[in-house]
There are 2 protein chains.
Amino acid sequence: MEKQTITIYDVAREANVSMATVSRVVNGNPNVKPATRKKVLEVIDRLDYRPNAVARGLASKKTTTVGVIIPDVSNIFFSSLARGIDDVATMYKYNIILANSDGSDDKEINVLNNLLAKQVDGVIFMGHHITEAIRGEFSRSKTPVVLAGSIDPDNQVGSVNIDYQAAAKEATNLLAENGNTKIAFISGSLLDPINGKERLTGYKEALSTNKLDYNEGLVFEAEYQYKMGENLAERVMNSGATAAYIVDDELAIGLTNGLLDRGIKIPEEFEIITTNNTLLTEVVRPKLTSVTQPLYDIGAVSMRLLTKMMNKEDVEEKTIVLPHGIVERGSTK
Amino acid sequence: MEKQTITIYDVAREANVSMATVSRVVNGNPNVKPATRKKVLEVIDRLDYRPNAVARGLASKKTTTVGVIIPDVSNIFFSSLARGIDDVATMYKYNIILANSDGSDDKEINVLNNLLAKQVDGVIFMGHHITEAIRGEFSRSKTPVVLAGSIDPDNQVGSVNIDYQAAAKEATNLLAENGNTKIAFISGSLLDPINGKERLTGYKEALSTNKLDYNEGLVFEAEYQYKMGENLAERVMNSGATAAYIVDDELAIGLTNGLLDRGIKIPEEFEIITTNNTLLTEVVRPKLTSVTQPLYDIGAVSMRLLTKMMNKEDVEEKTIVLPHGIVERGSTK
DNA sequence: ATGAAAGCGCTAACAA
DNA sequence: TTGTTAGCGCTTTCAT
């Protein structure tokens, strides 16, 4: 009882045509007489023939598969992007190979090489920072790459983001205009250019616009985890800050609950604005004011851009910036 | 500037050996003289040769990739499973092709056929109910299949779950022992056997153990969404229930906040026990008492089981039941 | 409109 | 230990 696969030969024989003809009807080539097409289609149906995508990939050098490198699928931020990616991929008849990297530089390289070995037609990369090593791999391979929610230092590959700097500036501004003079900046690693460059710059700009001094004691780095937020509560209180701009929702609700548990009233005594507007912001009480970024769309647009690149279409602009916003809820006055 | 791929031939030529030898060293075949191996490895390194997995797949009839059918990656419940799957897959050198089905019967079939066309070595399926159609496809194909977090009506394929019935019974029991006589059962579609058979049965058992009558007016069906939970608050209040067993965290926090917003005190006036123990349960105040199921492990064990099946190892038991528990937090007395 | 035949890059007997 | 040689199932010229 071995796997008796039906091949294009079987179909050709049964339909009394050559395999080339079968290939043509399978691929929708118009150079087939309707009658022939019909006959072949019947046989395909009767035999339950299913073209072998691997053989196809070898012969055509196209796998209709794209690799997606993601730090962690179980993180709602990334899985939202992933969902956008997959939906558009499906729309364009691509499949995605999903690979978790844990944000580890080594794994990223490993995984990328693995994906390239599998002959993916393109790669979508999500990660906090683009190391030199990975950039080297990108440029060495001719496979199109798009960064989703990551900044490319020199635009060698495609990328889709929002204007993080402007968003950070607006968020900080809101806090400053509400009268806060000591505003904390709470982010992940400042080595990540989105945090250390873009957002921090926006934060400083807003401070300076509001004639506030920049104070390193108000800048906190933490991992994007609920517990980390809770643990931060004490330190943030001691810093004298009366408001915080936070770049991650999980961190933000951790801090919110940590503060609440210590009897701090939000927003009366402490204002909070977070960044990703995931479901989490609506779950805590008070609900959190948040920067909004179109996560699903960042994924979807990335994939769309990638399809164009894989298709060798002219892409007017491969560095795409999507609009952001701010939604005010109960954590700000 | 076309993609000039280096093939096994190039390596063979440069190393003055046959391609078979190169193939052997690449595949770790021991029948190669150390000196030869070393020479070949050097050339591979120098030429930056990377074996073409597609060609390999065609020749060996193994792709070292498995298909993963998931209702929605951006749902934390499923993405937790997916993470477990991918970690074990990586461990065993497999890649995963991730495909969202939205739980739609048609898409599931489509996606499955697509994955089979890509010659995946195995399939992991997550879904709420297994239709006859999809079961037909499963049995028609010789590709091993494992259900992760889904019940197989007649154990034709592998599956990994917890004992939903026992868990529901224990949860309901807890509520009954706390003195509640009107306990709501809030689930997704009762057509899903996990809800309509397993859990509902467990719920009824607990009622009967506690000499409580079963009342259809206390059974609610809703989509697993936060909003749905909020919307349900009114109806649940009107039903006279003073406690609820809920099968989904998002739904549960929606209901919790909906009740809270209407001035109901939890747990004093209403007790809640939910099911998946995701981060969400720790985010709301009060934190929610929850059934615990090892989501990551269900994914991980599913993949492990699948590797065995793909490897044609003898599998003593392909219907695996993992342990569950209950963690008591602030939403029960 | 259709067929013949040469690969795609690799694995896996089978020989040597 | 190493090489030779068929394929794997399909796409894609090039003829006809």
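To find a chain, count down the sequence lines: A is the first, B the second, and so on, and within it residues start at 1.
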Q: State which of D/dC8, C/dG7, C/dT2 makes the closest approach to the side chain of A/Ala59.
A: C/dG7
Q | Side chain of A/Asn52 (C-beta onward), nearest among D/dC8, D/dT11, D/dC10 | A | D/dC10
Q) Counting side-chain heavy atoms from CB outward, which of D/dT1, C/dC10, D/dT11 is closest to B/Thr36? A) D/dT1
(Q) Set out, in order, the CA-CA distance, both residues' side-chain angles and the distance that settles side-chain contact (heavy atoms from CB on, under 4.5 Å) for A/Val111 and A/Leu115, then state yes or no. (A) CA-CA 6 Å; A/Val111 151; A/Leu115 256 18; 3.9 Å; yes
Q) Can a side chain N or O of B/Tyr49 be found less than 4.0 Å away from OP1 or OP2 on C/dC10? A) yes
Q.
Would you say B/Lys318 and B/Asn155 are linked by a side-chain donor-acceptor pair, where the criterion is simply a distance under 3.5 Å?
A. no
Q) Start at the 5' end of DNA chain D and walk down; is the nucleotide closest to B/Asn16 or to A/Pro51 reached first? A) B/Asn16
(Q) In this structure, is the centre-to-centre distance between the rings of A/His128 and A/Phe78 below 6.0 Å? (A) yes
Q) For the side chain of B/Thr5, counting heavy atoms from C-beta on, which of C/dG9, C/dT2, C/dC10 is nearest? A) C/dG9
Q: Identify which nucleotide among C/dC8, D/dT11, D/dT12 has an atom closest to any side-chain atom of A/Lys61, counting heavy atoms from C-beta outward.
A: C/dC8
Q.
Nearest to the A/Arg24 side chain among D/dC14, C/dG7, C/dT11, which nucleotide is it?
A. D/dC14
Q. Closest to the A/Val17 side chain: C/dG3, D/dT12, D/dC10?
A. C/dG3
Q: Consider the side chain of A/Arg56, meaning its heavy atoms from C-beta on, and name the nucleotide among D/dC10, D/dT2, D/dG9 that approaches it most closely.
A: D/dC10
Q: Compute the centroid of each ring, for A/Phe77 and then for A/Tyr224, and state whether the two points are separated by less than 6.0 Å.
A: no
Q) Quick one: is D/dT1 close enough that its OP1 or OP2 comes under 4.0 Å of any side-chain N or O from B/Asn31? A) yes
